[in-house]
A.B. asks: 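One structure is given below, represented as structure tokens, and several questions about it will come after.
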Amino acid sequence: MAVPAKALLASGPASTKRTASSAKKWKPYAFHLVIGLLALVMIYPILWMISSSLKPNGEIFSQAYNLIPSRLAWENYRSGWAGFAGNTFTTFFKNSLIIVVISTIGAVASSAVVAYGFARIPFAGKGFWFGCMMMTMMLPHDVTMIPQYVMFSKIGWLSSFKPIIVPQFFAIPFFVFLIMQFIRTIPHDLDEAAKMDGCSKYGIFFRIVLPLIVPSLVTAAIFSFYWRWDDFINPLLYLNNPKLYPVSLALKLFLDGDSINNWGGMFAMATLSLVPIFAIFFIFQRYIVEGISTSGLK
Amino acid sequence: MTKFRENNHLVGYLFTAPFIIGFLIFTMFPMLASLYYSFTDYNLFEAPNWVGFDNYKTMFSGDDQYWKSVRVTFTYVLASVPLRLAFALAVAMLLNKAIGGIGLYRSAYYLPSLIGGSVAVSIMWTQVFGDKGLLNSFLGLLGIHTTTSWIGSPGTAIWTLIALSVWQFGSSMLIFLAGLKSIPASLHEAANVDGAGAGRRFFKITLPMLSPIILFNLIMQTISAFMTFTPAYVISRGEGGPLDSTLLYSLYLYKRAFQFTQMGYASAMAWVMLLTVGVIALILFQTSKYWVHYESKGES
């Protein structure tokens, strides 16, 4: 992006004294003041959580508004990591990673294949199935939750990752939609040319389309990662052994019991649980912003 | 020269098979099963018995907690969705100016919706609005000393959930920002030349041009607001309290299904929710022709 040009534009009114009235001159500053204060209010709770994770236990609520700890209480991270009844956060993070990585691979791969089918191949009943997919996008999870639970309990999948991971391998409508939008921007001429050269539909998909839609696959993978990482209700339903808990469900354990005493440990682990999300955001920011803007993904 | 591999119907079904199979197993079959359960007393341990419309009758006339939960849910949806969209649009318009540092602000506003769905944030929220929490601490600075727990008081608890939802306006803001950028500058310039003020330009140009995006956001966010579960569960520790004041519909359904194993009753609740959400989405679509403006597009 043309940052220098933008900067020039921004400082323009302030530096040209000839025509700028004083109201005009102050406008950018007023703008920054309002929008900056609001931004501070927005991120203050996040900063507060991080700072609380580094405060000694007695200090967290004595002057809660204060963001600066009197000393850095790294022991919160140690005591939080120790977890509950012998299950440490090593276990919980490992569980989260297993669930998230396998789910994401399944979701993205299956969605890409389905997206190509819907976007490029004319077949009987396509409109019907596409309609079904669009409807699924708006379907409240509550309606399918109970029979799914009954189904998974009947085939003995309770207390395992399978009910959480396996459905991800059957294409996620949002991702299919996102990838389809992307496939539509690839000129049909490319397909035709490949067909002339004797390429089958499979060949076209794997050799022509797949390499070109990588950006949309990255976007889908990022969102899949986020959704699975944050997922709470599925682990809550299907995992009842703390050994299998992912981080999201393990954090809830801090709130169980009659009185919480390890505040620092709780804030420390809550903060750590957000680190992967932040890391991916800062690395892939461009994909995320584009993904949201073009498809309305949350 | 139709070869086997060029049979589009077969190839099409092969490519879309993952969706179709998944749809039948994980959506279609469960929906039908759920509809059937809703007319039974299924409790997970014994075979279901047909009870006709009993579950629905109980829901509508014999379950005060159900209506409490409906009221809480509508309060939540009707307050959080419009507020969130209004904030998103207002901030998007502020950020849609060529002033330095926009990228930084954009990230700051987006961060809450990035992490808002996580359990970590819900846990943090319980402490922000707790009796000795961040909010009361700031109020103390202003000379208002209180030890009210905003989470623990029936009157305010649902508003902390609404605040949590509105706090996450960032993703809608990004969508609006993209929409604003796509409005041709020439439109505003022309209106400016014709002497239209900022307010007039907003109502006559910005809003109509954004209306398809607003409709899309309104529908998707309303649906997801009706389904909100995690923050209510975490903040009320799975109970929906105090005095059922955070008993969102999904949470009540979960309690009925998995704490009392009343799968039949919970399934009936799910179908009422599905129909309600469907009707609301339909109404929004139907009214959209009066307020949503679509650019007439040629072949592009």
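Hydrogens, waters and symmetry mates play no part in the numbers below; they use all other heavy atoms, side chains included. Per chain, numbering begins at 1; letters A, B, ... match sequence-line order.
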A.B. asks: Taking A/Tyr226, A/Trp229, A/Phe205, A/Phe281 one by one, which has the highest count of heavy-atom pairs under 4.5 Å against chain B?
C.D. replies: A/Phe281
A.B. asks: Nearest heavy-atom pair of B/Gly130 and B/Ile151: which atoms, and what distance?
C.D. replies: N-CG1, 4.4 Å
A.B. asks: Under 6.0 Å between the ring centres of B/Phe138 and A/Trp48?
C.D. replies: no
A.B. asks: Centroid-to-centroid, A/Tyr149 to A/Tyr238, below 6.0 Å?
C.D. replies: yes
A.B. asks: Can a cation-pi geometry be assigned to B/Arg256 and B/Tyr265, taking NZ or CZ under 6.0 Å from the six-membered ring centre and within 45° of the ring axis?
C.D. replies: yes
A.B. asks: Tell me, for A/Met151 versus chain B, whether the close heavy atoms (under 4.5 Å) come from the side chain, the backbone, both or neither.
C.D. replies: side chain
A.B. asks: At a heavy-atom separation under 4.5 Å, does A/Phe130 approach chain B through its side chain, its backbone, both, or neither?
C.D. replies: neither
A.B. asks: Relative to chain A, which of B/Ala108, B/Gly278, B/Ala281 shows the most heavy atom pairs under 4.5 Å?
C.D. replies: B/Ala108
A.B. asks: Select one option (side chain, backbone, both, neither) describing which atoms of B/Tyr42 are under 4.5 Å from chain A's heavy atoms.
C.D. replies: side chain
A.B. asks: Of all heavy-atom pairs between B/Ser38 and B/Asn55, which one has the smallest distance, and what is that distance?
C.D. replies: O-ND2, 2.9 Å
A.B. asks: Any idea which heavy atoms bring B/Phe19 and A/Trp129 closest together, and the distance?
C.D. replies: CE2-O, 3.5 Å
A.B. asks: Which atom pair, heavy atoms only, marks the closest approach of B/Ile25 to B/Pro30?
C.D. replies: O-CD, 3.1 Å
A.B. asks: With a 4.5 angstrom heavy-atom cut-off, could you sort out which part of A/Leu237 is near chain B: side chain, backbone, both or neither?
C.D. replies: side chain
A.B. asks: Below 6.0 angstrom between ring centroids: does that apply to A/Phe170 and B/Phe23?
C.D. replies: no
A.B. asks: Please check if the distance between the ring centroids of B/Tyr13 and A/Phe123 is under 6.0 Å.
C.D. replies: yes
A.B. asks: In terms of heavy-atom proximity below 4.5 Å to chain A, should B/Tyr109 be classed as side chain, backbone, both, or neither?
C.D. replies: both
A.B. asks: State whether the side chain of A/Lys126 and the backbone N or O of A/Ile121 hold a donor-acceptor pair below 3.5 Å, judged by distance alone.
C.D. replies: yes
A.B. asks: What option among B/Gly12, B/Ser267, B/Gly22 has the most heavy-atom pairs under 4.5 Å with chain A?
C.D. replies: B/Gly12
A.B. asks: Would you mind checking which part of B/Phe176 comes under 4.5 Å of any heavy atom in chain A, side chain (CB onward), backbone (N, CA, C, O), both or neither?
C.D. replies: neither
A.B. asks: Shorter than 4.5 Å, heavy atoms on both sides: which option in B/Leu253, B/Ile20, B/Val234, B/Asn217 has the most such pairs with chain A?
C.D. replies: B/Ile20
A.B. asks: So which part of B/Leu134 gets closer than 4.5 Å to some heavy atom of chain A, the side chain, the backbone, both or neither?
C.D. replies: both
A.B. asks: Please find out if less than 6.0 Å separates the ring center of A/His32 from that of B/Tyr105.
C.D. replies: yes
A.B. asks: In terms of heavy-atom pairs under 4.5 Å with chain B, which of A/Leu272, A/Asp231, A/Thr144, A/Asn66 leads?
C.D. replies: A/Thr144
A.B. asks: Which pair of heavy atoms, one from A/Ile146 and one from B/Met263, lies closest together, and at what distance?
C.D. replies: CG2-SD, 3.4 Å
A.B. asks: Tell me, out of A/Gly125, A/Ser111, A/Pro122, A/Ala270, who's got the most heavy-atom pairs with chain B below 4.5 Å.
C.D. replies: A/Pro122
A.B. asks: Between A/Leu40, A/Ile43, A/Ile46, A/Val34, who has the most heavy-atom pairs with chain B when the cutoff is under 4.5 Å?
C.D. replies: A/Ile46
A.B. asks: Flag the one option from A/Ala171, A/Pro167, A/Ser110, A/Ser273 with the top tally of heavy-atom pairs under 4.5 Å to chain B.
C.D. replies: A/Pro167
A.B. asks: If we define contacts as heavy-atom pairs under 4.5 Å, which of A/Val41, A/Ile172, A/Leu251, A/Val166 has the most with chain B?
C.D. replies: A/Leu251
A.B. asks: Please classify the contact of B/Ile223 with chain A as side chain, backbone, both or neither, using a heavy-atom distance under 4.5 Å.
C.D. replies: side chain
A.B. asks: State, to 0.1 Å, how close B/Leu164 and B/Ser122 come at their nearest heavy-atom pair, and which atoms those are.
C.D. replies: CD2-OG, 4.3 Å
A.B. asks: Heavy-atom pairs under 4.5 Å with chain A - which of B/Phe258, B/Tyr249, B/Tyr254, B/Trp271 has more of them than the others?
C.D. replies: B/Phe258
A.B. asks: Given a strict heavy-atom distance threshold of 4.5 Å, which part of A/Phe267 is in contact with chain B: side chain, backbone, both, or neither?
C.D. replies: side chain
A.B. asks: With a 4.5 angstrom heavy-atom cut-off, could you sort out which part of A/Met269 is near chain B: side chain, backbone, both or neither?
C.D. replies: neither
A.B. asks: Would you say CZ of B/Phe87 has more than 12 non-hydrogen atoms from neighbouring residues, nucleotides or ligands within 6.0 angstrom?
C.D. replies: no
A.B. asks: Which bit of B/Phe226 is near chain A, if near means a heavy-atom gap under 4.5 Å: side chain, backbone, both or neither?
C.D. replies: neither
A.B. asks: If you count heavy-atom pairs under 4.5 Å with chain A, which of B/Thr126, B/Leu141, B/Ile21, B/Thr27 comes out on top?
C.D. replies: B/Leu141
A.B. asks: Under a 4.5 Å cutoff for heavy-atom pairs, which residue among B/Lys132, B/Met31, B/Arg106 has the most contacts with chain A?
C.D. replies: B/Lys132
